[in-house]
Amino acid sequence: MRLAMKSAAFALVITLMAGCTGKNSRNEIDHQVEALLSKMTLHEKIGQMTQYSYGGEKDSIPREVIEQVEKGEIGSFLNIHEVGVSNKLQSLAVNNSRLHIPLLIARDVIHGFRTMFPVPLGQAASWNTLLVQKAARISAIEASAEGIRWTFAPMLDVAHDPRWGRIAESCGEDPYLISKLGVAMIRGYQSDNLADSTALAACGKHFVGYGAAEQGIDYNTTWIPEVLLRDLYLVPFREGVKNGLATIMSAFNDLNGIPASGNPFTLRQVLRKEWNFDGVVVSDYTAMLEMINHGYCTDEKEVAYKAIMAGVDMEMVSTTYSKYLEELVKEKKVPEKRIDDAVRRILKLKFKLGLFRNAYTAPGRNKVDLQPDFLATAQELATQSLVLLKNENHALPLNRNIRSIAVIGPLADSPADLMGCNVADGQAKDSRTPLFALRQSCEPSVRINYAQGLKTSRSKETTGFSEALDAARRSDVVVLFLGEEAILSGEARSRAFLDLPGAQEDLVREVAKAGKPMVFVIMAGRPLVFNTITPLAQSVIYSFHPGIMGGPAIADILLGKSVPSGKLPVSFPRTVGQVPIYYNHMNTGRPPTEQSKDIPTGTALDPVGYTAYQLDVSYTPEYPFGYGLSYTTFSYGDLKLSSQTLMKSDSLVITTSLANTGVFDGTEIAQLYIRDIAASVTQPVKELKGFQRLNLKRGQKVTVRFVLYPEDLAMHNDKMQWVTEPGKFFVWIGGSSDSGLKGEFEYR
Ligand code: BGC
């Protein structure tokens, strides 16, 4: 154990307080924090509240940054990704600053560090909390080896809009699913004990409403009524806080006229007062400063004032705190207590992470680059993230007698695109592409005829088409790898069109001329619209960018070495004009009728009645939330409720039988939905309240059992009280949000 403290007395205090077990109790940490806080100048306190971005090398740290660290003017860094740099900065802070306070080193570890997993939306399609947790654990092990102890993940935003590029980073549209997966990620990053040297403090982001940006344009305005905020957008954050989430990031967006990074209602009232959150709140990247652009602050001093009064503890990148907080305290505009509270939380986190015992990371510790079991987990998660959307005549898995496969398309062999957006430290060279994997996995006798067709997903240059058609003609089956490049999703990557970009549809039509059976594998960071070409394919697999092991995962599914099990974490629109479309919507006074169902997209029909639908498209999505096929088939039967009434402080057991009725062993994700039929505030037509991944051998039949408690039925009433109102409820168990066996019960 190294204590690089200069003051022997101080070192002794810390050692005694830390104890020998390596685990600090809450009480001990509180004492340590208070002892340290009492020694700090106001200037040093504000230093702790300042986060600086440095992405350079160990030997080129600018002089002024070194000086700032030594003067205790920086509490945290982001964008450091290498142990040499993290150790160097830690040594400047621990050895040369007056109070020897270690730094908190942060990084966007979003869906992997070196081992890149599927983008979060893909992970969400697995509905597999344990596997998602494992992926986060691996990411934490890898990142912490470089001195990183704080990740800006998980993203807990509810996303209804596929135009929004950051939908890729989300877990989709449903607050229950996002909560379960978000908590799994938090557990994976933080482990059981933040003091574990491989633990990362997690950061729930972006608080709050960021996913509701108008037009799906990143950073755009959000207007969210309080009841919707509480029953939808806040839910995953609330669950994160309940489950030990260490930090939260305040968002960029203007929320109901008050920017989220200076919003006393969400940050102070909800987060601190109602939820008792005692972790750190960090602003998003210059989000505080941007309150000037929002028209909420006239100058930087006002930014600092509004952010601290709202409850932002640490300022990311912009410098309004370091410039103006001291002045604001001296002028008695900001009580010093506000600063103390913020610093207390920051120091507490540093103690919890064990940074005061040891701020350094041994170079080479956990040097785990591309460890085989990490890659195996990445492949498993990629496999489970794939969603089979269509499989006519059991075209997949590919027939064993196939002698040749045409592999065509801009995404068949594009290593960087496989990783998806938000890849800080992953390396394209680690990616195993579908082409590579098919060549490896197919029998030597099977010929792979590869043609790229288009250079990139956006390309309109058709000179590669003839080669593609030729490859198709020479093959028994055609697998087309279509979609969207990685750089088209992620931050600031909003789209107005959701179609396959470039000349991809033309490529498909050209290749179809060969008359060979076609399979589409569509890779993207968002739901895309491709229904004009879907009829040309017998099978369609959707793959949110699947990570570096995406290729082998896809090859195994195509070849039947594994069976698809993913289900959509988000509804797929038929056309961009349906956006936002999500399963848990309200009913309206005039719900659409069967007559207005299945209107072919783009055909303006004669109006049929006065109901809530669009004349030129079915009101249903192309693929609903929770949907996904398997190579086998599942059948639900015999829905039973343990009682027709659920009483206060009691529970209700709902069961069905589930049979694997096909010829493959497979996995079904059984889903439980409810609907509150009438309430004092109208409720969604369906709400997910439970799910289970169930492995069934072919022919096997099991009983699926869910339990509902009164709090599962709770909602916010118009006084914003969290209540379960008596009344009737529908309940469904099934394999997607648009199917299922239905029952009814009453809550009394
Ligand atoms: C993003 C955050 C991210 C931060 C730090 C911002 O632009 O919105 O999600 O954590 O940058 O890189």
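Both ligands and their constituent atoms are indexed starting at 1 by order of listing. Heavy-atom basis, side chains included; hydrogens, waters and symmetry copies ignored. Being a predicted model, the structure only gives us computed values, none of them experimental.
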So that I can tick it off, tell me whether [Y] and [X] are bridged by a salt bridge, with the cut-off set at under 4.0 angstrom between side-chain N and carboxylate O.
X	Y	answer
Arg338	Asp341	no
Arg495	Glu484	yes
Asp313	Arg272	yes

With a 6.0 Å cut-off on the ring centroids, do Phe625 and Trp127 count as close?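 Between Phe625 and Trp127, the centre distance is under 6.0 Å.
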
Taking the six-membered ring for Trp, are the ring centroids of Tyr542 and Phe572 within less than 6.0 Å of each other?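 Between Phe572 and Tyr542, which both carry aromatic rings, the centre distance is below 6.0 Å.
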
Can you name the residues that form a salt bridge (charged side-chain N to carboxylate O under 4.0 Å, His left out) with Asp161, not counting sequence neighbours?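 Per chain and number, Asp161 pairs via salt bridge (charged side-chain N to carboxylate O under 4.0 Å, His left out) with Arg163.
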
Report all protein residues having a heavy-atom distance below 4.0 Å to some atom of ligand 1; order the list by chain, then number.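 Close residues (ligand 1, cut-off 4.0 Å): Leu78, Asp108, Phe152, Arg166, Lys205, His206, Met249, Phe252, Asp284, Tyr285, Met316, Glu491.
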
